Amino acid sequence: MNALQEYLDQNGVTRYQVAKQTGIANTTLANAVKETKPLSGQTVKVITAVAQTLGKTPGQVLDDLIELDEDNLK
């Protein structure tokens, strides 16, 4: 599973909720959670939108995603 999609699932947030709350296009989010999209390919725009929705800083979200991605590689 894509790390970003797994992160959204763990936090009980849908792509629709992120799009609705931040104004980011749902297609942008759909592309960001594709199975083939690596974490290193995520954009600041997407990370910032997720952070805004969760009430976190982009840095916190990125740290969480990096940890999740590393755990998935083990």
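In this text, all values refer to a predicted model and were calculated from it rather than measured experimentally. For reference, positions follow the sequence shown, starting with 1.
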Which heavy atom in [X] sits nearest to a heavy atom in [Y], and how many Å separate them?
{"X": "Asp69", "Y": "Ala3", "result": "OD1-CB, 4.0 Å"}
{"X": "Lys34", "Y": "Asn2", "result": "O-ND2, 2.8 Å"}
{"X": "Ala51", "Y": "Pro58", "result": "CB-N, 3.6 Å"}
{"X": "Leu39", "Y": "Leu65", "result": "CD2-O, 3.5 Å"}
{"X": "Lys37", "Y": "Gln42", "result": "CG-NE2, 3.4 Å"}

Using 0.5 Å steps for rounding, measure from the [atom1] atom of [X] to the [atom2] atom of [Y].
{"X": "Leu62", "Y": "Lys56", "atom1": "CG", "atom2": "NZ", "value": "12.0 Å"}
{"X": "Thr53", "Y": "Leu8", "atom1": "OG1", "atom2": "CG", "value": "8.5 Å"}
{"X": "Asn26", "Y": "Arg15", "atom1": "CG", "atom2": "CZ", "value": "5.5 Å"}
{"X": "Gln52", "Y": "Ile24", "atom1": "CD", "atom2": "CD1", "value": "9.5 Å"}

Q. Between Thr14 and Val18, is any pair of side-chain heavy atoms under 4.5 Å apart?
A.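 A side-chain contact under 4.5 Å is absent here.
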
Q: Determine whether Ile47 and Val50 make a side-chain contact, defined as any pair of heavy atoms from C-beta on separated by less than 4.5 Å.
A: no

Q.
Using side-chain contact (heavy atoms from CB on, under 4.5 Å), reason through Asn72 and Met1 one step at a time and then give a plain yes or no.
A. CA-CA 9 Å; Asn72 287 341; Met1 177 182 283; over 6 Å; no

(Q) Val46 and side-chain contact (heavy atoms from CB on, under 4.5 Å): which single residue from Thr28, Asn31, Val61 fits? (A)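 Single side-chain contact (heavy atoms from CB on, under 4.5 Å) partner of Val46 among Thr28, Asn31, Val61: Thr28.
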
Q: Using a cut-off of 6.0 Å, state whether more than 12 heavy atoms not belonging to Lys45 lie near its atom NZ.
A: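 Atom NZ in Lys45 is not packed in, count stays at 12 or less.
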
Q.
Testing the 3.5 Å rule here: is there a donor-acceptor pair between the side chains of Tyr7 and Asp64?
A. yes

(Q) Between Gln5 and Asp9, do the side chains contain a donor N or O and an acceptor N or O under 3.5 Å apart? (A)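 Yes, Gln5 and Asp9 have a side-chain donor paired with an acceptor closer than 3.5 Å.
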
